[in-house]
Amino acid sequence: MGQKPSTPPSPPPRRPQPIRTGKHNIIVFGQAGAGKSSVVNMLLGLRDGSPGSARTSNNAGGCTLDYDGFDVEIDGSRYKLWDTAGLNEGESGNVPNSTAIAQLYHLLCDLKDGVSLLIFVVRGPRVVDSVGSNWKLFHEIICQSQVPALVAITGFEMQDGGIDGVNQWLTRNDGENRRNLEQYGVEPVDFICMTATRGPELGDGSCVFDRLYNDSQSRLRDLIPSASLSQPWCVPPVEWFKKIIKKDIETRTFLWFWTREVEIKREIYVIREEVKEQLQMQCGLSDGDIKILETRMRRSAD
């Protein structure tokens, strides 16, 4: 009886090809459920759920499982908007925190044209503690504070005072709300309070929040050209890796034919201790998250 042919080994995973867009790249990031994809659709001029739009979710568990790029022209300049997985989904979300962070990291490494702007989307009007950790993680640690950012605070559909009430939220009570954000360490080029949903449709084809939505869309588009870098920031591979990652020696012990132990040593990439401390203390990552993140980051380092 002939031997069953052995299954050929699976080929190693291919490293993604560098992404060259020929446009100014804008990365949209933030909490799960904050409205990142809706902000992207607003800039595209598309309704949520329409053909060609970014995928949206109605809950905080997150919908975007990877990064998606969308072309848009603003004030005569071409931009590529990158919709990313939400941060801080934790155990209940679809995308674990370490996975979302690794995807942001890989996107930065893959964008060979560099990054011109970050848009950090935050769910308001009540701002949660994770805002500060998300900001520090991506803007300060991963982007090394080299890329300007706008903070888009969503959720103002029901704000008292209509458009004026939305625009005055940051300055109300002698700027208390703005100071609260700055206490988290969030200091962008500019803030924008907005609504990223049109709301239920009315009988005449318009929507409940059209006026607020259109005002938000106009103000955000006006901010982007002046906030963006004219010369995009590219991740400097050698210098960046030296700041974030170091080489270490991993030792594994095997039993050779059940008679003696054999040690095998190999070089691996690990996150530097001082960066681990930042990820734990400032960004709230667990030891398990950091180990997963190290494994995922090695894909670009190898």
Side-chain angles (χ1 to χ4, degrees), residues 15-31 34-37 39-44 54 64 66-87 99-122 131 133-152 185-192 220-245 275 278-279 283 293 296-297 299-301:
R15 181 173 172 175
Q17 293 298 310
I19 302 171
R20 294 192 182 276
T21 65
K23 305 173 180 69
H24 289 283
N25 292 304
I26 299 175
I27 297 180
V28 183
F29 75 106
Q31 305 159 261
K36 299 180 305 302
S37 299
V39 168
V40 169
N41 291 334
M42 168 186 280
L43 291 170
L44 295 173
T64 307
D66 208 336
Y67 47 77
D68 295 315
F70 301 87
D71 295 325
V72 66
E73 185 172 308
I74 299 174
D75 198 23
S77 296
R78 296 187 305 160
Y79 296 89
K80 189 90 169 182
L81 304 172
W82 294 95
D83 186 23
T84 63
L87 299 167
T99 302
I101 295 164
Q103 287 173 354
L104 284 168
Y105 162 80
H106 289 309
L107 174 58
L108 265 180
C109 291
D110 292 341
L111 288 176
K112 299 308 177 186
D113 292 329
V115 181
S116 296
L117 183 67
L118 308 174
I119 298 179
F120 180 31
V121 182
V122 175
V131 165
S133 59
N134 285 338
W135 170 267
K136 290 171 183 172
L137 169 69
F138 196 58
H139 182 260
E140 296 180 12
I141 297 177
I142 296 181
C143 289
Q144 300 287 298
S145 299
Q146 297 298 309
V147 184
L150 295 173
V151 173
V186 180
E187 296 183 356
V189 173
D190 211 341
F191 292 94
I192 175 172
L220 182 57
R221 288 176 70 97
D222 286 346
L223 285 173
I224 286 174
S226 59
S228 300
L229 290 172
S230 57
Q231 292 295 321
W233 179 73
C234 297
V235 175
V238 176
E239 294 83 356
W240 194 89
F241 276 119
K242 284 181 179 177
K243 289 180 180 178
I244 304 294
I245 297 173
V275 178
Q278 284 181 296
L279 292 171
C283 305
L293 184 58
R296 295 177 188 273
M297 290 173 82
R299 177 168 64 90
S300 288

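- Summarising the geometry, atom CG belonging to Asp75 is positioned 10.5 Å from atom OG belonging to Ser228; distances are rounded to the nearest 0.5 Å.
- When side chains are defined from C-beta on, Ile119 does not count as touching Val40, because their heavy atoms never get closer than 4.5 Å.
- The two residues Pro148 and Ser116 have their closest heavy-atom pair at CG-O, 3.6 Å.
- Atom CG of Leu81 is separated from atom CD1 of Ile27 by 11.0 Å, given to the nearest 0.5 angstrom.
- Around CD of Gln231, the count of heavy atoms belonging to other residues, nucleotides or ligands within 6.0 Å does not exceed 12.
- In this structure, Val186 and Val122 have side chains that are not in contact, with every pair of non-hydrogen atoms separated by 4.5 Å or more.
- The main-chain N or O of Leu150 is never found under 3.5 Å from a side-chain atom of Asp190 such that the two would form a donor-acceptor pair.
- Separating the NE2 atom in His24 from the NZ atom in Lys80 is a distance of 14.5 Å, to the nearest 0.5 Å.
- Trp82 pairs with exactly one of Asp68, Leu108, Val28, Leu111 by the side chain to side chain contact (heavy atoms under 4.5 Å, CB included) rule, that one being Leu111.
- Leu223 has its side chain out of reach of Val189: every pair of non-hydrogen atoms, C-beta onward, lies at least 4.5 Å apart.
- Scanning both residues, Val131 and Gln31, for their nearest heavy atoms gives CG2-OE1, 3.8 Å.
- Using bins of under 30°, 30° to 60° and over 60° for the plane-to-plane angle, the ring pair Phe120/Phe29 lands in the parallel bin.
- Taking all atoms of both residues into account, the shortest heavy-atom contact from Arg221 to Leu43 is NH1-O, 2.8 Å.
- Considering all non-hydrogen atoms of both residues, Val72 and Leu44 come closest at CB-CD2, 3.9 Å.
- Minimum heavy-atom separation, Tyr79 to Lys23: O-CD, 3.7 Å.
- Counting heavy atoms from C-beta on, the side chains of Cys143 and Leu118 come closer than 4.5 Å.
- To the nearest 0.5 Å, atom CG of residue Leu107 and atom OG1 of residue Thr84 are 7.5 Å apart.
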**Prompt:** For Asp71 and Arg78, what are the C-alpha separation, side-chain angles and deciding distance, and is it a side-chain contact (heavy atoms from CB on, under 4.5 Å)?
**Reply:** CA-CA 7 Å; Asp71 295 325; Arg78 296 187 305 160; over 6 Å; no

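- Between His139 and Ala149 the shortest heavy-atom distance is CD2-CB, 4.2 Å.
- With sequence neighbours excluded, no residue forms a ring-ring contact (aromatic ring centres under 6.0 Å, His included) with Phe191.
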